[in-house]
Amino acid sequence: MARNVSKTIGRGVVAIAALLVIIPLFWTLLSAFKNRVDIVTPTPMLFFTPTLDNVLYVLERESVRAGLINSIIVSGCSVLIGAIFGLPCAYAVARYPMRVADDIQFFVLSLRFLPPVAIAIPLIVIWLDVGLYDSRIALIVTYSLLTLSTTIWLAIPAFKRVPQEIEEAAFVDGYGPYAIFFLIALPAAAKSLIGAIVFSFVLVWNEFLIALMLTTSDAKTLPIVASEMTQLGRDVPWGILNASVILLSLPPLLFLGVLSSFLSSALKTRKQG
Amino acid sequence: MAELSFRNIAKRYGDIDVVADFNLRVEDREFIVFLGPSGCGKSTILRMIAGLEEISGGELAINGKVVNDLAPRERNVAMVFQNYALYPHMSVYGNIAFGLKRMKIGREEIDKRVRSAAKTLGLEGLLDRRSTALSGGQQQRVAIARAIVKTPGVFLFDEPLSNLDAKLRNHMRVEIARLHQQLKTTTVYVTHDQLEAMTLADRIVLLRNGAIEQVGSPREIFERPNSQFVASFIGTPAMNFFEVDLAGASAPCSKKARLAIDPARFDLDGRSKVVVGIRPAHLRPARQDETANIIEGVVDLIEFLGNDALITFKYAGEEVGALVPAQMSPRVGDQVRMTFSDDNLHAFDIETGRSLAKRSQGRP
Ligand SMILES: Nc1ncnc2c1ncn2[C@@H]1O[C@H](COP(=O)(O)OP(=O)(O)OP(=O)(O)O)[C@@H](O)[C@H]1O
Ligand SMILES: [Mg+2]
């Protein structure tokens with residue numbers, strides 16, 4: 001009896017928390033398809049004639065398209081770099097005992113714990129000096145630090161979860177360390193590794209502060225462009241703003257939906273019995 | 001076809017000697033079982049044969065060729081792991097074929113060999129199954145198929161059955177025995193289960209703290225244990241031991257224990273105290289007129305084992321177990337008087353635990 005009550009209360013709390021998250025999102029989604037009049041009306045409207053104007057307006061803007069391309073290139077490249085260098089590095093740390101393994105893990109974690117501003121300000125100076133300020137290259141290199149550290153951090157436990165005997169069996173079967181990495185360790189840990197890579201993608205796709213500080217016009221990413229929509233005029237164009245937020249959220253949400261099982265297996269750090 | 005020879009093999013982790021001065025010859029076609037308590041170095045030695053563990057000292061030769069510095073694939077061995085170690089992202093077929101692919105064998109030949117190995121182990125219907133979608137017994141069969149398909153010179157098994165339930169374990173044990181009869185491949189098999197060792201082995205290598213305690217056929221080890229450790233490790237229920245004081249007796253025997261210790265069989269060498277051992281199965285109820293080798297006490301526990309019952313009583317301060325036919329079992333609280341034949345007595349040095357039996361006097 002008492003257990004049932006506490007279960008019900010627990011469910012209630014979870015439901016309220018979920019609603020708190022979902023309602024604003026849902027409202028944003030609705031507003032993206034509303035006319036301005038319907039948005040600013042004092043009585044919230046659940047039923048209205050939907051319009052595609054907002055979405056089309058956003059999509060037709062040159063700045064949005066440029067931002068989208070920048071975002072895709074920058075996120076894609078930095079995620080790729082993070083995976084290509086991060087996965088072998090994580091494997092080495094996970095499998096081969098070395099004195100510096102702990103130092104590497106600490107370094108990687110320290111990158112994640114530093115406030116982004118602390119990374120961004122010195123980087124502004126560096127990129128200005130090199131003459132690459134406000135370029136995709138600068139953003140890719142900077143983001144690669146983030147994707148590398150995230151990928152390594154999540155991939156180490158993923159590789160550690162692959163039973164050592166499997167790799168030893170392949171060794172006795174005649175395969176060398178590289179073949180074992182590519183043919184055994186990578187596919188065996190694939191689920192968690194894909195999760196780790198997606199996670200690093202979402203991280204840089206959503207990244208705002210560093211992008212804001214490292215770009216002024218050419219290399220602006222989608223979050224920066226979207227945020228600038230608020231400055232379109234004195235009247236806040238709520239519909240357009242909501243539409244751009246929805247567009248911005250789509251890729252990470254899609255990833256989350258499709259790959260949530262991968263993500264949860266990447267974020268689980270302990271071996272399940 | 002392969003024979004193995006270990007010469008002064010040693011393994012150190014830092015300052016710890018896990019194996020020191022291990023010497024053994026394994027003949028071609030032989031089924032050798034490494035038996036010993038947990039942590040005695042069985043897996044370590046097996047992994048040194050496989051090439052998974054570096055050899056710290058000595059020489060390991062396979063077919064006369066020293067393999068200390070060779071990679072596993074150059075040693076022509078195959079290994080079966082305790083937790084099966086199947087490649088989780090491959091099908092059963094892929095698992096069995098994986099080692100062959102590395103050996104640069106033609107596709108058709110691989111297919112033929114995979115199917116024949118699968119047939120040997122009754123896996124024909126499962127070849128397309130994901131290796132993770134199998135029961136424990138099936139997984140272990142795939143692991144064994146993966147080993148035999150390579151037709152290696154030596155099979156290495158590291159406790160292959162210990163993850164299976166008792167019934168399946170018996171079944172797989174028989175299968176492994178059959179497989180060895182059929183293939184005759186030299187095999188080194190690690191276990192801490194004495195039943196597996198007794199039933200499978202041509203010779204048992206009994207290990208303790210990284211050193212060989214005794215090497216011999218299951219029968220030799222059971223009947224003529226070299227030491228008290230071996231005697232206590234082999235045989236269920238475990239052997240009974242008593243300290244016997246020989247001092248003051250005109251004949252080398254103990255008055256209190258009324259146990260005669262035959263100087264013709266044992267090298268007593270002036271010792272005043274020895275440890276004697278007698279297996280529970282060798283004790284039988286004594287007739288009234290028998291007075292030699294008498295062990296008596298009041299039964300305080302009876303364990304029913306099916307055909308037999310294990311009765312336990314206290315004698316000379318020690319717990320004594322005796323196996324009696326179940327229908328003749330006494331009741332708790334009954335006085336029992338047991339005896340045994342001289343041949344079945346073992347005697348050990350009280351300090352070193354070494355057997356005092358004169359080797360030449362051993363029974364056949
Ligand atoms: N990497 C290592 N570093 C230090 N000591 C080790 C290492 N690996 C094993 N040992 C030690 O070597 C000894 C033998 O280990 P091993 O695994 O060979 O035992 P085992 O006989 O196979 O035992 P079990 O029946 O439990 O499998 C153990 O005492 C163990 O603690
Ligand atoms: Mg072991």
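Side-chain atoms are counted along with the backbone in the values below, which use heavy atoms only and exclude waters and symmetry mates. Quick note on labels: first sequence line is chain A, next is B, and so on, each numbered from 1.
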With chain B, the option among A:V162, A:I184, A:D173, A:L183 that has the most non-hydrogen atom pairs under 4.5 Å is A:D173

Among B:R73, B:K150, B:H89, B:E74, who wins on heavy-atom pairs under 4.5 Å with chain A? B:H89

Please rank B:R102, B:M79, B:R75 by heavy-atom pairs under 4.5 Å with chain A and give me the top one. B:R102

Donor-acceptor side-chain pairing of B:R129 and B:S131 below 3.5 angstrom: no

For B:E159 and B:T191, does a side-chain donor sit closer than 3.5 Å to a side-chain acceptor? no

Just by distance, no angles: are the side chains of A:N70 and A:R136 close enough, under 3.5 Å, to form a donor-acceptor pair? yes

Between B:F81 and chain A, which part of the residue has a heavy atom less than 4.5 Å away: side chain, backbone, both or neither? side chain

Find out whether the Lys NZ or Arg CZ of B:R146 is both under 6.0 angstrom from the six-membered ring centre of B:Y87 and within 45° of the ring's axis. yes

For A:A170, which atoms come within 4.5 Å of any heavy atom of chain B: side chain, backbone, both, or neither? both

Side chain, backbone, both or neither: which part of B:A143 has a non-hydrogen atom closer than 4.5 Å to chain A? neither

Taking all heavy atoms of B:A2 and all of B:V154, pick out the closest pair and write down the distance. CB-CG2, 3.8 Å

Fit a plane to each ring of B:F31 and B:Y189, take the angle between them on a 0 to 90° scale, and name the class: parallel (under 30°), tilted (30 to 60°) or perpendicular (over 60°). tilted

Residue B:M90 versus chain A: region with a heavy atom under 4.5 Å: side chain

Students often mix this up, so state it plainly: with edges at 30° and 60°, are the rings of B:F22 and B:F34 parallel, tilted or perpendicular? perpendicular

In terms of heavy-atom proximity below 4.5 Å to chain A, should B:L86 be classed as side chain, backbone, both, or neither? backbone

Between B:R47 and chain A, with a heavy-atom cut-off of 4.5 Å, which part of the residue counts as in contact: side chain, backbone, both or neither? side chain

